[in-house]
Peer 1: 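I have a structure I would like to understand better, so I am pasting it below and will then ask my questions one at a time.
First listed ligand is number 1; within each ligand, the first listed atom is number 1.
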Amino acid sequence: MSGVSIRPSLRGLKFSPTLLINEEVAEYRRQGHTVYHMGFGESPFPVHPAIQDGISGYSGRNQYMPAAGMGELRTRARQYILKKHSIDNDEFDVMIGPGSKELIFDIQLAVDGDLLFPAPSWVSYIPQTLITRDEVVRIPLGPQTSYKLDGAVLERRIVESRREGRNPTKLILNYPNNPTGMTYGPAELEEIGAVCRRYNILVISDEIYAQVAFRSSHRSIAHFYPEGTIVTTGLSKHLSLGGFRLGVALVPRRLESVFQVLRSIASETFSAVSTPIQYSVLTAFEENPAIERYIAECTEIHDIVTRYVWRTLQVLGVDYAEPQGGFYMYPDFDRYRHRLADSFGVHTSDELARHLLRTTNVATLPGTAFGDEPEALRLRLSTVDFDGLTALTRYREDPPGAAGETRAACRSAENAFVEAACPRVAEGCQRLVNYFSGGAS
Ligand code: PMP
Ligand code: GLU
């Protein structure tokens, strides 16, 4: 054969920036280079023993599962997620897929119309529309509003885009948010839900960080707009099980036609999620007290480490609200624009991320990966480059900020914890501070 022609609509499709930076960093490290990896968001804690035991116990299970997932797993997942995401409505069906990324893609594929895309948002939503060949209606958000969507802005953009002849039918909302670390409270969600109801917009609510919310409890927008929200979530974040590839979607029973298409897509593509994996995670959806304690500890460590990074960067004068969940932040280095341009010829976030990696060995992701404008000097920093077992062990032995300590004492205990248990995170931060305050400010 002399060659094949790639489908024109897919010629612009690239390798995912998150997976790319992770593979590149792994390769640099294999070659013996030191890299401070703030480019990838993989929770680093060891698999909980109850789940590990489960997987070895079920390694002999080799039958296919139903395409939508094992019945018992779907039942447990539904109860567990309704409770954890504070949804007082049980009219949802459950779809189990190989990661919520695949489920989000399948939902986008199933539902006709243009995607309302709050920019910045997570890296894979837009590339997925290249495959589904959907149009995107961008909703640009900025640092003044902590990159948060509100009902009025959403409504304006829906009306405006319809006037331009567009057909927005679905919105992806993600909170706690990757890349910004921001989350939404009940009043904000109620307002967004009301706008979506008024304009008949499906919300794809990506709540994968729900259990990595720091101090406020998480509530799903499905509580306010149950008939029009599909919640996607999974085990990759609060249980550090990204590599298990198991995600969940709650689909309102009123959207039965969407559920049936998701099931059919599964049946014609991945067939079903791996059987031993489905068995092994049953226990993750039954409020096992030991697992719940582990989730709380891991989230507390993410909270401590993420706020450490945020606090350390404060000396750079980068105005940015304190992260409320997840393990990311999204600082804007605009105030360094002239120095960066004059000293290093850096004008865009891509150039900034590349220059940082080359000169400081700190890997980050540029704002463009999240659908932001190239000239906006924004980077996503992730805060998970540490050994999870070391951090968890130390935390259990001596949790920083025990009850009764003053705020200042808590902070200094948290700083000491990160510097001892997460040294690459501490060093990566220091290098960022030196880069901007030394050479570039
Ligand atoms: N949504 C967001 C915002 C993410 O950061 C990720 C990254 N893992 C996913 C979805 C996909 O997660 P998974 O496919 O592992 O469930
Ligand atoms: N969600 C993680 C991130 O944003 C990585 C995993 C992925 O992209 O699938 O870094």
Peer 1: State whether Arg354 and Glu351 are salt-bridged, where the test is any N-O pair (Lys NZ or Arg NE/NH1/NH2 against Asp/Glu carboxylate O) under 4.0 Å.
Peer 2: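 The answer is no: the pair does not qualify as a salt bridge.
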Peer 1: Starting from atom 7 (C) of ligand 1, which protein heavy atom do you reach first, and at what distance in Å?
Peer 2: Lys237 NZ, 3.0 Å
Peer 1: Could you list which atoms of ligand 2 come closer than 4.0 Å to a heavy atom of Thr18?
Peer 2: 3 (C), 4 (O), 7 (C), 8 (O), 10 (O)
Peer 1: One thing to verify: whether Arg254 and Glu227 come together as a salt bridge, which I'm taking to mean a side-chain N less than 4.0 angstrom from a carboxylate O.
Peer 2: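 The answer is no: the pair does not qualify as a salt bridge.
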Peer 1: Should one rank Phe244, Trp122, Phe327 by closest heavy-atom distance to atom 4 (C) of ligand 1, which comes out on top?
Peer 2: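 Checking each option, the heavy atom nearest atom 4 (C) of ligand 1 is found in Trp122.
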Peer 1: Less than 6.0 Å separating the ring centroids of His218 and Tyr175?
Peer 2: yes
Peer 1: Quick check, are the ring centers of His302 and Tyr328 under 6.0 angstrom apart?
Peer 2: no
Peer 1: With side chain to side chain contact (heavy atoms under 4.5 Å, CB included) as the test, would you mind laying out the steps for Ile291 and Ile51 before giving the verdict?
Peer 2: CA-CA 9 Å; Ile291 296 183; Ile51 295 173; 4.1 Å; yes
Peer 1: Look at the rings of His37 and Phe40 and say which category their plane angle falls in: under 30° parallel, 30 to 60° tilted, over 60° perpendicular.
Peer 2: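 Aromatic pair His37/Phe40 classed parallel.
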Peer 1: Hey, does Tyr125 come in under 3.5 Å of ligand 1, counting only N/O atoms on both sides?
Peer 2: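 No, Tyr125 has no N/O under 3.5 Å of an N/O on ligand 1.
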Peer 1: Of all the non-hydrogen atoms in the protein, which one sits nearest to atom 12 (O) of ligand 1, and at what distance?
Peer 2: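 So the nearest neighbour among protein heavy atoms is Ser100 OG, 3.4 Å.
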Peer 1: Given that the side chain starts at C-beta and the backbone is N, CA, C, O, which of these parts of Lys237 lies under 4.0 Å from ligand 2, counting heavy atoms, or is it both or neither?
Peer 2: side chain
Peer 1: Does any N or O of ligand 1 fall below 3.5 Å from an N or O anywhere on Ser236, backbone included?
Peer 2: yes
Peer 1: Going by the angle between their ring planes, with limits at 30° and 60°, are Tyr147 and Tyr320 parallel, tilted or perpendicular?
Peer 2: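 Ring orientation of Tyr147 relative to Tyr320: tilted.
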Peer 1: Could you tell me whether Thr233 and ligand 1 have an N or O pair separated by under 3.5 Å?
Peer 2: no
Peer 1: Please list, in number order, the atoms of ligand 1 under 4.0 Å from a heavy atom of Ile208.
Peer 2: 1 (N), 2 (C), 12 (O), 16 (O)
Peer 1: Could you check whether Thr34 and Asn361, counting side-chain N and O atoms only, form a donor-acceptor pair closer than 3.5 Å?
Peer 2: no
Peer 1: Side chain, backbone, both or neither: which part of Asn178 comes within less than 4.0 Å of ligand 2 when only heavy atoms are counted?
Peer 2: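 The side chain, only.
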Peer 1: Would you please determine whether Arg245 falls within less than 4.0 Å of ligand 1 on a heavy-atom basis?
Peer 2: yes
Peer 1: Within a distance under 4.0 Å of any heavy atom of Gly99, pick out the atoms of ligand 1 and give their elements.
Peer 2: 14 (O), 16 (O)
Peer 1: Select the closest option to atom 10 (C) of ligand 1 among Asp206, Thr232, Leu241, judged by heavy-atom distance.
Peer 2: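 It is Asp206 whose heavy atom sits nearest to atom 10 (C) of ligand 1.
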Peer 1: Between Tyr435 and Phe344 (judged by ring centroids, cut-off 6.0 Å), do the two rings come close enough to count as a pair?
Peer 2: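 Between Phe344 and Tyr435, which both carry aromatic rings, the centre distance is below 6.0 Å.
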Peer 1: Where the side chain of Tyr279 meets the backbone of Met70, is there a donor-acceptor pair that is under 3.5 Å apart?
Peer 2: no
Peer 1: If we only count N/O pairs under 3.5 Å, is Ser16 in contact with ligand 2?
Peer 2: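 There is no such contact.
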Peer 1: Would you say Glu102 touches ligand 1, if touching means a heavy atom closer than 4.0 Å?
Peer 2: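 No.
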Peer 1: Between ligand 2 and Gly41, is the shortest N or O to N or O distance under 3.5 Å?
Peer 2: yes
Peer 1: State the atoms of ligand 2, each with its element, that fall below the 4.0 Å cut-off from a heavy-atom position in Lys101.
Peer 2: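 Numbered from 1, ligand 2 contributes 7 (C), 8 (O), 9 (O).
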Peer 1: Taking only heavy atoms of Phe40, which atoms of ligand 2 are found under 4.0 Å from at least one of them?
Peer 2: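 Under 4.0 Å from Phe40, ligand 2 has these atoms: 5 (C), 6 (C), 10 (O).
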Peer 1: Below 4.0 Å from ligand 2: does a non-hydrogen atom of Arg380 turn up there or not?
Peer 2: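 Distance cut 4.0 Å: Arg380 passes for ligand 2.
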Peer 1: So with a 6.0 Å cut-off around CZ of Arg263, is the heavy-atom count from everything else above 12?
Peer 2: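 Incorrect, the count does not exceed 12.
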